[in-house]
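Working notes, beginning with the structure itself.
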Amino acid sequence: MTSAVLFDFSGTLFRIESAESWLRAVLDAAGAELTAAHLAAAARALEAAGALPGGAPPGRVPEELAGLWRVRDASAEAHRAAYTGLSRQVPLPDPTLHDALYDRHMTPAAWAPYPDARPVLGALRERGIRVGVVSNIGWDLRPVFREHRLDPFVDTYVLSYEHGVQKPHPRLFATACDALGVDPRTTLMVGDDRRADGGAAALGCAVHFVDHLPAAERPDGLRPVLDLVG
């Protein structure tokens with residue numbers, strides 16, 4: 001019998017906005033303007049560079065950022081430096097926009113829960129199954145859950161930057177199980193990254209993977225979790 005479910009954040013419970021929406025929001029806030037064609041081109045370039053956290057991974061990490069990229073989720077400083085470094089590969093009307101883009105992605109408005117996140121989390125709560133969020137991340141995602149009213153369904157958050165270690169290291173999953181007071185062998189880890197989230201298997205956790213797709217394209221990807229927990 002499953003006693004707890006651990007969820008990844010980005011690409012599992014929540015999806016980041018599109019690169020074009022992300023860039024447009026920052027340009028609007030700064031009072032900067034680009035033609036529609038230039039905005040679309042810049043958004044595509046930022047996406048190709050992997051500059052949007054939670055978006056597409058970079059096609060190529062510049063050599064000068066490679067070391068930082070490998071440890072980007074181990075601290076808030078590394079996370080910001082890695083992603084703004086990628087962003088700065090793309091020319092924008094004002095250099096300060098790169099930091100503004102990073103700040104934007106940390107706002108609740110930049111994220112949307114997958115359509116079935118609330119019903120699945122609610123059903124787990126009704127069944128008395130404990131829930132944790134285990135995320136490779138460089139900032140505090142708790143406000144995102146509070147703003148979207150999913151925080152009441154989460155019993156603990158274990159965030160890589162708060163512990164100085166990244167998934168797939170088993171310590172993050174062990175920390176979550178300890179916080180929930182559960183045995184890893186009766187715990188299910190749900191995520192979209194086979195390498196990072198698959199690290200939970202080293203502790204004896206069952207692991208289930210979902211597809212990292214736009215929210216509209218994955219309306220019920222989390223529902224199999226309810227069958228898996230029994």
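All values below were derived from every heavy atom in this structure, side-chain atoms included, with hydrogens, water molecules and symmetry-related copies excluded.
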Of the non-hydrogen atoms in Val134 and Lys167, which two are nearest, and what is the gap between them? O-NZ, 2.9 Å

Linked, directly or transitively: Leu121 and Leu180 (ILVMFWY side chains, under 4.5 Å): no

Geometric class of the Phe145/Tyr157 ring pair [parallel <30°, tilted 30-60°, perpendicular >60°]: perpendicular

Side-chain heavy-atom pair Asp197, Pro168 within 4.5 angstrom cut-off: no

Any idea which heavy atoms bring Leu68 and Ala82 closest together, and the distance? CD2-N, 3.5 Å

Would you say Arg127 has more than 12 foreign heavy atoms packed within less than 6.0 Å of its CZ? yes

Test side chain to side chain contact (heavy atoms under 4.5 Å, CB included) applied to Arg88 - qualifying residues, sequence neighbours left out: Thr84, His98, Asp99

I need the minimum non-hydrogen distance between Val90 and Ala42, along with the two atoms involved. CG1-O, 4.2 Å

Is the closest side-chain donor-acceptor distance between His105 and Trp111 under 3.5 Å? no

Please confirm whether the backbone N or O of Val131 pairs with a side-chain atom of Asp155, one donor and one acceptor, at under 3.5 Å? yes

Does any N or O in the side chain of Glu47 come within less than 3.5 Å of the main-chain N or O of Ala19, such that one atom is a donor and the other an acceptor? no

Report, as yes or no, whether the 6.0 Å neighbourhood of atom CD on Glu63 holds more than 12 heavy atoms from other residues, nucleotides or ligands. no

Between Arg15 and Asp192 (salt bridge meaning N to carboxylate O under 4.0 Å), is one present in this structure? no

Would a distance-only check, ignoring hydrogens and angles, find a side-chain to backbone donor-acceptor pair under 3.5 Å from Thr12 to Phe7? no

Is there a path of hydrophobic side-chain contacts, each under 4.5 Å between heavy atoms of I/L/V/M/F/W/Y residues, joining Leu6 to Ile137? no

Salt bridge between Asp151 and Arg146, side-chain N to carboxylate O under 4.0 Å? no

Enclosure of His163 NE2 (heavy-atom neighbours >12, cutoff 6.0 Å): yes

Any donor-acceptor pair under 3.5 Å from Gln89 side chain to Gly85 backbone: yes

Looking at Asp220 and Arg223, would you say the former's side chain and the latter's main chain have a donor-acceptor pair under 3.5 Å? no

If hydrophobic clusters are built by linking Ile, Leu, Val, Met, Phe, Trp and Tyr wherever their side-chain heavy atoms come under 4.5 Å apart, do Val190 and Val158 end up in the same one? no

Would you name the heavy atoms of Ser10 and His212 that are closest together and state the gap between them? OG-CE1, 4.1 Å

Are the side chain of His148 and the backbone of Pro108 linked by a donor-acceptor contact shorter than 3.5 Å? yes

Leu188 vs Leu228, side-chain contact (heavy atoms from CB on, under 4.5 Å): CA-CA, chis, key distance, verdict: CA-CA 8 Å; Leu188 173 66; Leu228 292 170; 4.1 Å; yes

Keeping to residues at least two apart or across chains, list the salt bridge (Lys or Arg N to Asp or Glu O under 4.0 Å) pairs with something in residues 17-36. Glu17-Arg104, Glu20-Arg24

Side-chain heavy atoms nearer than 4.5 Å, only ILVMFWY residues, links allowed to pass through others: does that put Leu213 and Leu52 together? no

For Asp211 against Tyr114, the heavy-atom pair lying closest together: O-OH, 4.5 Å

Taking every heavy atom of Leu101 against every heavy atom of Leu23, the minimum-distance pair comes out as CD2-CA, 3.9 Å

Is there a chain of hydrophobic side chains (I, L, V, M, F, W, Y, each step under 4.5 Å between heavy atoms) that links Phe173 to Val225? no

Could you go through the salt bridge (charged side-chain N to carboxylate O under 4.0 Å, His left out) check for Arg185 and Asp183 one step at a time? CA-CA 5 Å; Arg185 293 169 296 181; Asp183 187 327; 2.8 Å; yes

Does the pair Asp140/Arg142 count as a salt bridge with the N-to-O cut at 4.0 Å? yes

Are Tyr83 and Trp69 close enough that their ring centres sit under 6.0 Å apart? yes

Any donor and acceptor pair, going by atom type alone, linking the side chain of Arg44 with main-chain N or O of Leu39 inside 3.5 Å? no

